[in-house]
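One structure below.
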Amino acid sequence: MPRARARAPLRLGLAGGGTDVSPYTELHGGAVMNATIDRYIYASITLADDNAVEIESHDLDRRQRLPARAPLPFDGMLDLHKAVYNRVTRDFLGGEMPPLRISTFSEAPAGSGLGSSSTLVVAVLQAMTELFDLPLGEYDLAHLAYQIEREDLALAGGRQDQYAAAFGGFNFMEFFGSDNVIVNPLRIKREVIAELEAQTILCFTGISRQSATIIAEQSRNVEQGSRRSIEAMHALKESAVAMKRALLKGDLDEVSRTLDAGWSSKRDMASGITNPQIEDALRAARAAGATAGKVSGAGGGGFVMFLAPLERRRAVITALAERGYKTETVRFTAEGATAWRL
């Protein structure tokens with residue numbers, strides 16, 4: 001049977017995360033600097049010969065089989081997969097509900113702060129695009145993924161993850177009202193990327209969290225005119241511009257300072273962004289020689305990103321391991337979502 005596969009990269013938010021969330025985006029415009037890493041979500045889609053849609057998440061060890069009827073019901077079980085199927089069949093297949101086998105594989109835990117939910121949607125969409133020859137470029141893919149999450153499923157969240165997964169690489173993103181997004185790919189020197197990889201340490205807190213609660217509070221704070229939250233977001237937007245400039249100039253000291261300042265601002269956006277466990281990891285890493293650290297994503301858990309001079313890298317990893325934290329290194333990638341047929 002015809003089969004298409006796709007993969008989409010996860011991302012690290014370097015600066016500006018949170019300013020891509022409504023209503024701040026519509027009121028003030030947002031800016032984010034992020035980069036994709038060598039962690040992927042894979043999707044595999046096969047045309048079947050029965051009248052059923054079978055969905056499986058291998059990393060979550062969940063599987064569901066449903067009649068191929070429109071629309072597939074949302075019940076808290078693999079709803080991201082179902083929402084992609086519903087939208088594609090409605091908008092591109094004339095309402096025809098083909099029997100499919102949809103499987104996904106993630107190289108990061110759910111709630112990691114690496115944009116896994118949005119990346120999954122992009123990966124499944126990219127596999128659908130390959131299987132059915134859909135007319136979707138990078139902007140189309142990212143915007144449709146955003147609509148599926150925020151409109152079809154009414155999930156709280158921002159916009160950067162979908163665009164990072166679709167485009168890949170180092171991107172400075174600008175967000176405006178009416179879902180107007182401009183992605184500016186940056187040409188970072190190879191030696192700057194190599195040094196950034198040498199300094200980057202990912203630390204998993206062991207907490208997989210749902211970002212929706214934190215993001216909902218952040219949005220309420222803007223709606224209610226919270227001066228502290230709004231000023232924090234203004235500062236985060238400025239940090240995205242500063243991070244872009246530092247990366248283009250190859251000034252890793254400024255990258256570290258900007259990352260650190262951005263984390264200080266981010267903690268003021270909403271409660272729950274940090275917690276004692278996150279602060280414990282930050283203190284341990286700093287004491288061992290890390291120059292900066294911040295939570296990846298909305299906060300509350302997942303991965304903490306640290307920067308440390310190569311000479312202090314082993315000391316930082318050891319200090320975190322002694323406190324029970326798992327660490328990983330990363331490589332930055334230039335390629336966004338891609339698909340192929342078998």
ring-ring contact (aromatic ring centres under 6.0 Å, His included) involving H28 - partner list, sequence neighbours excluded: Y24, H234

Among S118, S117, S116, find the residue that satisfies the side-chain contact (heavy atoms from CB on, under 4.5 Å) test when tested with L80. S117

Starting from the C-alpha separation in whole Å, work towards a yes-or-no answer on side-chain contact (heavy atoms from CB on, under 4.5 Å) for Q162 and Q147. CA-CA 10 Å; Q162 297 89 350; Q147 288 182 315; over 6 Å; no

Those residues that, when tested against F170, pass ring-ring contact (aromatic ring centres under 6.0 Å, His included) (two or more places apart): F332

Audit row: I37, L202, side-chain contact (heavy atoms from CB on, under 4.5 Å) steps and yes/no: CA-CA 11 Å; I37 61 174; L202 286 186; 4.3 Å; yes

Determine which pairs satisfy ring-ring contact (aromatic ring centres under 6.0 Å, His included) with at least one residue from residues 59-82, sequence neighbours left out, and list them in order. none

Which donor-acceptor pairs under 3.5 Å do the side chains of residues 239-251 make with protein atoms, sequence neighbours left out?
{"residue": "S239", "atom": "OG", "partner": "L236", "partner atom": "O", "Å": "2.6"}
{"residue": "D251", "atom": "OD1", "partner": "D253", "partner atom": "N", "Å": "3.3"}
{"residue": "D251", "atom": "OD1", "partner": "E254", "partner atom": "N", "Å": "3.1"}

C203 and A281 have their tightest heavy-atom pair at SG-CB, 4.5 Å

Kindly determine whether W263 and L282 satisfy side-chain contact (heavy atoms from CB on, under 4.5 Å), including the steps that lead there. CA-CA 11 Å; W263 172 240; L282 287 165; 3.4 Å; yes

N/O donor-acceptor pair under 3.5 Å between T36 side chain and T333 backbone: yes

Same cluster (ILVMFWY, side-chain, under 4.5 Å), V122 and F175: no

Please list all pairs meeting salt bridge (Lys or Arg N to Asp or Glu O under 4.0 Å) that have one or both residues in residues 73-86, counting only residues at least two apart or in different chains. D75-K82, D79-K82

Determine whether L47 and P98 make a side-chain contact, defined as any pair of heavy atoms from C-beta on separated by less than 4.5 Å. yes

I'd like to know if K189 pairs up with E195 as an ion pair, taking the criterion as any Lys NZ or Arg NE/NH1/NH2 lying under 4.0 Å from an Asp or Glu carboxylate oxygen. no

Would a 4.5 Å heavy-atom cut-off, applied to side chains only, mark E96 and T89 as touching? no

Please identify each residue that fulfils ring-ring contact (aromatic ring centres under 6.0 Å, His included) with F132, with sequence neighbours left out. none

Between R101 and S44, do the side chains contain a donor N or O and an acceptor N or O under 3.5 Å apart? no

Checking Q126 now: which residues fulfil side-chain hydrogen bond (donor to acceptor under 3.5 Å, both in side chains) with it, not counting sequence neighbours? none

Could you pull out every donor-acceptor pair under 3.5 Å between side chains of residues 322-331 and any protein atom, sequence neighbours left out?
{"residue": "R323", "atom": "NE", "partner": "D280", "partner atom": "OD1", "Å": "3.0"}
{"residue": "R323", "atom": "NE", "partner": "D280", "partner atom": "OD2", "Å": "3.0"}
{"residue": "R323", "atom": "NH2", "partner": "D280", "partner atom": "OD1", "Å": "2.6"}
{"residue": "Y325", "atom": "OH", "partner": "Q277", "partner atom": "O", "Å": "3.1"}
{"residue": "Y325", "atom": "OH", "partner": "D280", "partner atom": "OD2", "Å": "2.9"}
{"residue": "E328", "atom": "OE1", "partner": "R39", "partner atom": "NE", "Å": "3.2"}
{"residue": "E328", "atom": "OE1", "partner": "R39", "partner atom": "NH2", "Å": "2.8"}

How would you list all residue pairs meeting ring-ring contact (aromatic ring centres under 6.0 Å, His included) that involve residues 235-255, not counting sequence neighbours? none

Answer with yes or no whether the hydrophobic clustering places V183 together with L136; edges join I, L, V, M, F, W, Y residues whose side-chain heavy atoms lie under 4.5 Å apart. no

Which pair of heavy atoms, one from S106 and one from I41, lies closest together, and at what distance? OG-CG1, 3.6 Å

Apart from F105 itself, what residues make up its hydrophobic cluster, given side-chain heavy atom links below 4.5 Å? Y40, Y42, W340, L342

Mind jotting down which residue pairs meet the ring-ring contact (aromatic ring centres under 6.0 Å, His included) criterion with at least one end in residues 136-169? Sequence neighbours excluded, please. Y139-F167

Kindly check if the number of other-residue, nucleotide or ligand heavy atoms within 6.0 Å of CZ (R341) is above 12? yes

Closest non-hydrogen atoms of L114 and A108, given as atom of the first, atom of the second and distance, are CD1-CB, 4.1 Å

Once side-chain hydrogen bond (donor to acceptor under 3.5 Å, both in side chains) is applied, do any residues pair with S103, and if so which ones, sequence neighbours excluded? none

To the nearest 0.5 angstrom, please state how far the CG atom of L72 sits from the CE atom of M97. 5.0 Å

Starting at CE of M33, measure out to CG of L12 and round the result to the nearest 0.5 Å. 11.0 Å

